[in-house]
2 protein chains.
Amino acid sequence: MSKKERQQQLLHLIGGNPFVTDRELTRQLKVSIQTIRLDRMELGIPELRERMKQMAEHSYDQVRSLPADEVIGDIVDLQLDKSGISIFEIRGEHVFSRNGIARGHYVFAQANSLAVAVINDEIALTASADIRFVRMVRLGEKCIAKAQVRSQAGRGGKAEVDVFTYVGEELVFQGHFIVYRSAVEDNSEGGNRSVDRH
Amino acid sequence: MSKKERQQQLLHLIGGNPFVTDRELTRQLKVSIQTIRLDRMELGIPELRERMKQMAEHSYDQVRSLPADEVIGDIVDLQLDKSGISIFEIRGEHVFSRNGIARGHYVFAQANSLAVAVINDEIALTASADIRFVRMVRLGEKCIAKAQVRSQAGRGGKAEVDVFTYVGEELVFQGHFIVYRSAVEDNSEGGNRSVDRH
DNA sequence: CTACATATTAGTACCAGGTTCTAAAGAACT
DNA sequence: AGTTCTTTAGAACCTGGTACTAATATGTAG
């Protein structure tokens, strides 16, 4: 068997069972353990423990990625149809486990929640957004999002909201949201209370 | 701190971060490593590697026994640096209670997670995104997000990923993501093991 | 206070499953 | 024969532990 063939086999074996050790592979491929290791290096395949770690982290991050949680961030100031401020502290469950950097959608969620909250309408929904993650946000940092309503159509129209998120003095995120303010289909089952806070 | 209290703390710490080593725990609990190990034994908590192995096996089993269409909120297909598919079912906790319409950031989160997952790099982070919520998503609907990598720079560059999310045949969301593929910023404070995956 | 029990710490030997490095032997072409 | 690629071997070292022994603290009942 040629080197190429063997490496193909190796890829296939590890692909078929990522939990295989080098020692087991020597039995199946009938070459020395050094050859197996050289092959893994050439193919960029990490060792068993690293493979398991990556799988574990991946599935763990997956689990963490969507909380069954409601509002992202505390809205501390709200002037309807004008502006709003929300505070959100990045905690362990919001970051990638290995490097402590916040997952983008939490930062987005805070801004999105605020953009929607600031629009004074029964239903406000994000129609589109243009966003930029200016710098990474890390575990423990406190994000302060400030929203400004830029333009408005009347009932049933659209509103534009700019949101800037800071950590201290530093801009970390900016977003331009277009939010629908629709007086639509109020199939409300029960009291319509004031503002829809995301 | 009593033994009971410490063991409760230990359970909490490992529950909060299963990837913690005994050595790190000694720092947080201010007891010797032997005490940590005795506590783990009494509590029946396996060692770090065993914990990771179990998580890896668990997720692997799930991926393997993939009934493909009844999977919820999961990445069901992933070709690194090429494409990926994720399925997410909108449940009660994801919608506005009044009208049953999904909160935008859940739809975004699905797309964002997928866009990041599809990029094969140690750290992949969303740099910016241009998104459009094409139509509202309702309670009970199943969102199928399909990601396509459009362009790539090498290591340390950017990649562009398009994500389209459908409910049935209907497009509900589209997003154009620019994802940083950054070669780890190694602010190593000591034991930096191998590779940091996202 | 003493005696015993429990809790904690320390230290050693050992393990799996590797990495990293050096070195040598085999094969293969030309 | 000389050069290069491939394969094998072996030793040192690494992490994150287990298993075991032994010494020291701390508490608690008699």
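Throughout, protein chains are lettered first and strands after them, A, B, ... in sequence-line order, and every chain is numbered starting at 1. Model, not experiment: these values are computed from the prediction.
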Acceptor/donor pairs from residues 127-135 of chain A side chains to any protein atom, 3.5 angstrom cut, sequence neighbours excluded:
| unit_1 | atom_1 | unit_2 | atom_2 | d |
| --- | --- | --- | --- | --- |
| S128(A) | OG | R132(B) | NH1 | 3.2 |
| R132(A) | NH1 | S128(B) | OG | 3.2 |
| R135(A) | NE | E170(A) | OE1 | 3.3 |
| R135(A) | NE | E170(A) | OE2 | 3.0 |
| R135(A) | NH1 | E141(A) | OE1 | 3.3 |
| R135(A) | NH2 | E141(A) | OE2 | 3.3 |
| R135(A) | NH2 | E170(A) | OE1 | 3.4 |

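The CG atom of L25(B) sits 12 Å away from the C1' atom of dG16(D) (whole-angstrom rounding). In this structure, CD of E47(A) is placed 12 Å from C1' of dG16(D), rounded to the nearest angstrom.
For R49(A), the salt bridge (charged side-chain N to carboxylate O under 4.0 Å, His left out) criterion is met by no residue, not counting sequence neighbours. Qualifying side-chain hydrogen bond (donor to acceptor under 3.5 Å, both in side chains) partners for S2(A), counting only residues two or more places apart in sequence or in other chains: none. In terms of the side-chain contact (heavy atoms from CB on, under 4.5 Å) criterion, residue partners of E42(B) (sequence neighbours excluded) are, by chain and number, K3(B), Q7(B). Take S32(A) and apply the side-chain hydrogen bond (donor to acceptor under 3.5 Å, both in side chains) test, not counting sequence neighbours, and it matches T35(A).
Contacts of R23(B) with the nucleic acid, taken as non-hydrogen atoms under 4.0 Å apart, are absent. Within the nucleic acid shown, R51(B) has no heavy atom closer than 4.0 Å to any nucleic acid atom.
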Pairs under 3.5 Å (N/O, protein and nucleotides 8-14 of chain D):
| unit_1 | atom_1 | unit_2 | atom_2 | d |
| --- | --- | --- | --- | --- |
| dT8(D) | OP2 | S32(A) | N | 3.0 |
| dT8(D) | OP2 | S32(A) | OG | 3.2 |
| dT8(D) | OP2 | T35(A) | OG1 | 2.4 |
| dT8(D) | O5' | S32(A) | OG | 3.4 |
| dA9(D) | N7 | Q34(A) | NE2 | 3.4 |
| dG10(D) | N7 | Q34(A) | NE2 | 3.2 |

What pairs of nitrogen or oxygen atoms, one from the protein and one from nucleotides 26-30 of chain C, lie under 3.5 Å apart?
none

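Listed candidates were dG17(C), dT8(C), dG17(D). Nearest to the side chain of K3(B) is dT8(C).
Remark: K146(B) qualifies as a cation-pi partner of Y166(B) under the 6.0 Å distance and 45° angle criteria applied to the six-membered ring.
Between R37(A) and dT20(C) there is no side-chain N or O to OP1 or OP2 distance below 4.0 Å.
Other residues sharing the hydrophobic cluster of L11(A), ordered by chain and number and joined by side-chain separations under 4.5 Å: L10(A), L13(A), I14(A), V20(A), L25(A), L29(A), V31(A), I36(A), L43(A), I45(A).
Among residues at least two apart or in separate chains, ring-ring contact (aromatic ring centres under 6.0 Å, His included) pairs with a member in residues 14-33 of chain A are F19(A)-Y60(B).
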